[in-house]
Amino acid sequence: MVVRAARADDRPFVLATVGRLAVFGPPPWRTAAEVVAGEARTLRAFFDAPDPSWELLIADSAAPATPADVAAAAAPERLGFAFLEELRDYFTLEAHGHIGILAVTEAAEGRGVATTLIRAAETWSRDRGHRALTLNVFETNRHARDVYEHVGFRPETVRYVKRF
Ligand SMILES: CC(C)(COP(=O)(O)OP(=O)(O)OC[C@H]1O[C@@H](n2cnc3c(N)ncnc32)[C@H](O)[C@@H]1OP(=O)(O)O)[C@@H](O)C(=O)NCCC(=O)NCCS
């Protein structure tokens, strides 16, 4: 598996994969459609008007190693992506990395793609001088929370919502 910066031709893959971000089942006051639309809006903004504090990483299946492999193999397959931002800590104003969006294709799930993307995000963040990487996750997305805790993240604040 290789992780690389996104190119313009990754746009269809990223926007097709964004539906994965609602499969966990949003809370009753949040529709899957609005979750997907919100994530797609952010990703379209990345391709249309990129900001220097953003990065989009794509995980590809490994590139062919030899010319014979090149002749025999299909093009690397896209497995997942991570959208990264530089944010400032609310309390200290210190800049830190933030994984804004992370999604792995259904076919590639459970093969270490998220772990590889998170490690690459850590490298991106450290290279910018950050001392922390953050992310938000829906409270009901138990699987993603387990994965994040497995790779070393710990919960901090909990956002409460009261709908009228
Ligand atoms: C959540 C998601 C990104 C995980 O991606 P993935 O590529 O399947 O995850 P990985 O295979 O890298 O697994 C990550 C690690 O968590 C571990 N893990 C997986 N499920 C676990 C669980 N229930 N409890 C504890 N650890 C678990 C894995 O064993 C792995 O650790 P290892 O490398 O030491 O074996 C993926 O399921 C996904 O895209 N889901 C839909 C979109 C989504 O919900 N994104 C998150 C939005 S915040």
Side-chain angles (χ1 to χ4, degrees), residues 1-7 9-47 51 53-63 74-90 95-126 128 130 132-161 163:
M1 192 185 319
V2 291
V3 174
R4 59 172 173 80
R7 308 178 300 248
D9 68 342
D10 292 311
R11 182 182 179 125
F13 165 74
V14 166
L15 291 175
T17 308
V18 88
R20 294 275 297 142
L21 290 150
V23 291
F24 67 91
W29 57 87
R30 208 39 103 183
T31 68
E34 73 189 21
V35 170
V36 170
E39 306 286 33
R41 185 192 314 122
T42 296
L43 293 161
R44 277 196 303 271
F46 172 84
F47 286 106
D51 183 293
S53 68
W54 295 345
E55 181 62 282
L56 182 61
L57 301 177
I58 306 289
D60 276 343
S61 57
E77 182 194 353
R78 295 174 177 93
L79 307 174
F81 69 88
F83 172 71
L84 313 179
E85 305 164 81
E86 180 173 278
L87 298 183
R88 288 198 177 271
D89 184 80
Y90 174 79
H96 63 86
H98 182 78
I99 301 178
I101 309 174
L102 174 68
V104 171
T105 65
E106 188 176 1
E109 216 169 16
R111 286 161 40 190
V113 178
T115 306
T116 303
L117 283 165
I118 290 167
R119 290 216 179 97
E122 287 178 19
T123 301
W124 175 86
S125 193
R126 284 176 200 274
R128 296 173 80 103
H130 302 154
L133 191 57
T134 62
L135 56 85
N136 295 317
V137 57
F138 276 101
E139 191 271 340
T140 49
N141 195 348
R142 192 64 252 176
H143 173 61
R145 290 175 59 196
D146 287 344
V147 169
Y148 294 141
E149 294 192 22
H150 182 79
V151 299
F153 288 88
R154 292 294 173 262
E156 194 179 51
T157 57
V158 180
R159 181 178 137 105
Y160 278 74
V161 179
R163 285 284 176 145

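Order of appearance sets the numbers: ligands from 1, and atoms from 1 within every ligand. Heavy-atom basis, side chains included; hydrogens, waters and symmetry copies ignored.
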Listed partners of Asn141 passing side-chain hydrogen bond (donor to acceptor under 3.5 Å, both in side chains), at least two apart =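 Partners of Asn141 under the side-chain hydrogen bond (donor to acceptor under 3.5 Å, both in side chains) test: none.
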More than 12 non-hydrogen atoms from neighbouring residues, nucleotides or ligands closer than 6.0 Å to CZ on Arg119, yes or no?
->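 Atom CZ in Arg119 is not packed in, count stays at 12 or less.
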How close does the nearest protein non-hydrogen atom get to [atom], and which residue and atom is it?
atom: atom 20 (N) of ligand 1; value: His143 CE1, 3.4 Å
atom: atom 19 (C) of ligand 1; value: Val147 CG2, 3.6 Å
atom: atom 37 (O) of ligand 1; value: Glu109 OE2, 2.4 Å
atom: atom 23 (N) of ligand 1; value: Asp146 OD2, 3.4 Å
atom: atom 44 (O) of ligand 1; value: Asn141 ND2, 2.8 Å
atom: atom 33 (O) of ligand 1; value: Thr115 OG1, 3.7 Å
atom: atom 16 (O) of ligand 1; value: His150 CD2, 3.6 Å
atom: atom 45 (N) of ligand 1; value: Leu102 O, 2.9 Å

Heavy-atom distances under 4.0 Å are what count here, so tell me which part of [X] touches ligand 1: side chain, backbone, both or neither.
X: Glu149; result: neither
X: Arg20; result: both
X: Tyr148; result: side chain

Salt-bridge criterion met for Arg128 and Glu55 (N-O under 4.0 Å) |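 Salt bridge flag = no for Glu55 with Arg128.
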Is it true that Arg145 and Glu139 make a salt bridge, defined as a side-chain N closer than 4.0 Å to a carboxylate O?
->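 Between Glu139 and Arg145 there is a salt bridge, with a charged N closer than 4.0 Å to a carboxylate O.
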Compute the shortest N/O to N/O distance between [X] and ligand 1 and return yes if it is under 3.5 Å, no if not.
X: Leu21; answer: no
X: Val151; answer: no
X: Val104; answer: yes
X: Gly110; answer: yes
X: Gly112; answer: yes

Proximal atoms of ligand 1 relative to [X] (non-hydrogen, under 4.0 Å):
X: Arg111; value: 11 (O)
X: Ala114; value: 3 (C), 4 (C), 5 (O), 6 (P), 7 (O), 9 (O), 12 (O)
X: Ala103; value: 39 (O)
X: Val113; value: 7 (O), 12 (O)

pair [X]-[Y]: side-chain heavy atoms closer than 4.5 Å:
X: Leu43; Y: Leu56; answer: yes
X: Ile99; Y: Leu84; answer: yes
X: Val14; Y: Arg78; answer: no
X: Leu133; Y: Phe153; answer: yes
X: Val35; Y: Phe138; answer: yes
X: Val3; Y: Trp124; answer: no

With no hydrogens and no angle check, is any side-chain donor or acceptor of Asp10 less than 3.5 Å from a backbone partner on Arg7?
->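 Yes, Asp10 side chain to Arg7 backbone: donor-acceptor pair under 3.5 Å.
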Indicate yes or no for a side-chain donor-acceptor contact from His130 to the backbone of Gly97 under 3.5 Å, with no hydrogens or angles considered.
->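 Present.
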Rounded to the nearest 0.5 Å, how far does CD1 of Ile58 lie from CZ of Phe13?
->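 That separation rounds to 6.0 Å.
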Measuring from the heavy atoms of Asn136, does anything fall under 4.0 Å of ligand 1?
->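 Right, Asn136 reaches ligand 1.
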